[in-house]
Amino acid sequence: MRVIRAAHLGFCFGVRDALQVVAEVPCPQDVTIRGELVHNPLVLHQLDVRGFQREPESDRKTVPATEQVMITAHGISDRERQRLAAAGKQLIDTTCPLVTRVHRAAQQLAREGRHVIVIGRPGHVEVEGIIEDLPSATVIPNASEIGDLPSRFLGVICQSTTPPRLAAEVLSALRERYPEADLRSIDTICQPTRDRQQAVIDLLPNVDALVVVGGKNSNNTRELARLAEERGVRTLHIEHPSDLAPEWFEGVLTCGLTAGTSTLDSTVDAVEQVLSQIPSTADTGIRLVPPEMPRLAEEWPTLGAV
Ligand code: SF4
């Protein structure tokens with residue numbers, strides 16, 4: 001079967017930089033990582049194997065016992081930063097600069113006296129970090145969930161990984177519902193997210209099916225799958241090459257391949273290797289050669305020695 005990769009796929013620079021910092025931590029047992037560094041079970045397992053302490057995202061209000069605390073690419077509020085510093089914690093900050101840009105945009109709108117609207121997922125760690133520093137904010141996940149707003153002087157930003165289509169829908173619905181509002185919007189969707197979504201849209205006319213690789217809990221990965229599904233393209237969202245079954249590809253001559261921003265290059269390569277073994281006319285009796293890559297338990301060199 002012919003396989004075509006999306007022009008942009010997989011790790012973004014924010015995740016790569018965070019993992020580079022992780023790889024250089026000399027004593028992982030002295031470091032607590034707040035929340036999920038990336039939504040990738042293989043990477044998270046490797047962090048455990050190396051001895052990092054990890055706090056679930058839901059526990060972020062406690063003060064970790066270790067001296068050092070790692071902030072993930074999703075960022076935290078300035079308020080939380082000060083709280084940890086006051087508790088004597090040394091911060092290892094891997095906040096993505098594009099997330100910092102979202103914080104700054106929200107604070108600018110708040111300084112103008114606007115009620116800030118964040119288009120994004122309520123409860124998401126990035127969104128929580130943004131709104132904690134604001135005097136007033138409303139999080140809106142989609143155009144059908146615009147409730148009553150306390151002000152008509154509004155500022156709108158987006159969670160960095162918001163699909164551009166969704167942001168446009170919410171903005172349009174806001175203007176329709178509050179035509180009298182003074183509304184200023186700052187575009188805070190990150191470029192790697194845009195690139196990956198546009199690359200999928202560009203790829204779809206050339207393929208019979210699409211395989212999307214990434215964590216099932218990864219927002220941006222799910223969005224890539226959704227883009228293809230809503231355009232009527234047969235789509236398979238997997239986390240690992242062993243999730244592929246030849247019979248699923250019956251009748252597929254050309255398959256597209258993409259991956260979310262927290263998917264390892266090695267996982268994408270291994271999926272491509274398996275896909276290329278599947279004949280165009282599916283023979284369900286075919287035995288796929290398993291790629292040499294771990295699902296969870298083996299060492300992943302980029303994270304450093306175990
Ligand atoms: S998805 Fe965008 S905002 Fe998030 S870490 Fe990657 S580059 Fe940064």
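The figures that follow rest on heavy atoms only: side chains count, while hydrogens, waters and symmetry mates do not. Indexing begins at 1, ligand by ligand and atom by atom, following the structure's order.
The P192 neighbourhood of ligand 1 comprises atoms 7 (S), with distances under 4.0 Å to a heavy atom of that residue. Taking every non-hydrogen atom of T161 and a distance limit under 4.0 Å, the qualifying atoms of ligand 1 come out as 1 (S). Ligand 1 places these atoms under 4.0 Å from at least one heavy atom of S160: 3 (S). Proximity to C96 (heavy-atom distance under 4.0 Å) selects the following atoms of ligand 1: 3 (S), 5 (S), 7 (S), 8 (Fe). Near C12, meaning under 4.0 Å from one of its heavy atoms, ligand 1 places the atoms 1 (S), 5 (S), 6 (Fe), 7 (S).
Checked for salt-bridge contact, E80 and R83 meet the test: a charged N lies under 4.0 Å from a carboxylate O. The pair R79-E132 fails the salt-bridge criterion, with no side-chain N (NZ, NE, NH1 or NH2) lying under 4.0 Å from an Asp/Glu carboxylate O.
When side chains are defined from C-beta on, I92 does not count as touching I71, because their heavy atoms never get closer than 4.5 Å.
Distance alone, capped at 3.5 Å, places no donor-acceptor pair between the D182 side chain and the F153 backbone. Judged by distance alone, with hydrogens and angles left aside, the side-chain atoms of D265 form no donor-acceptor pair with the main-chain N or O of V268 at under 3.5 Å.
Taking backbone and side-chain atoms together, C190 has an N/O/S atom less than 2.8 Å away from atom 2 (Fe) of ligand 1.
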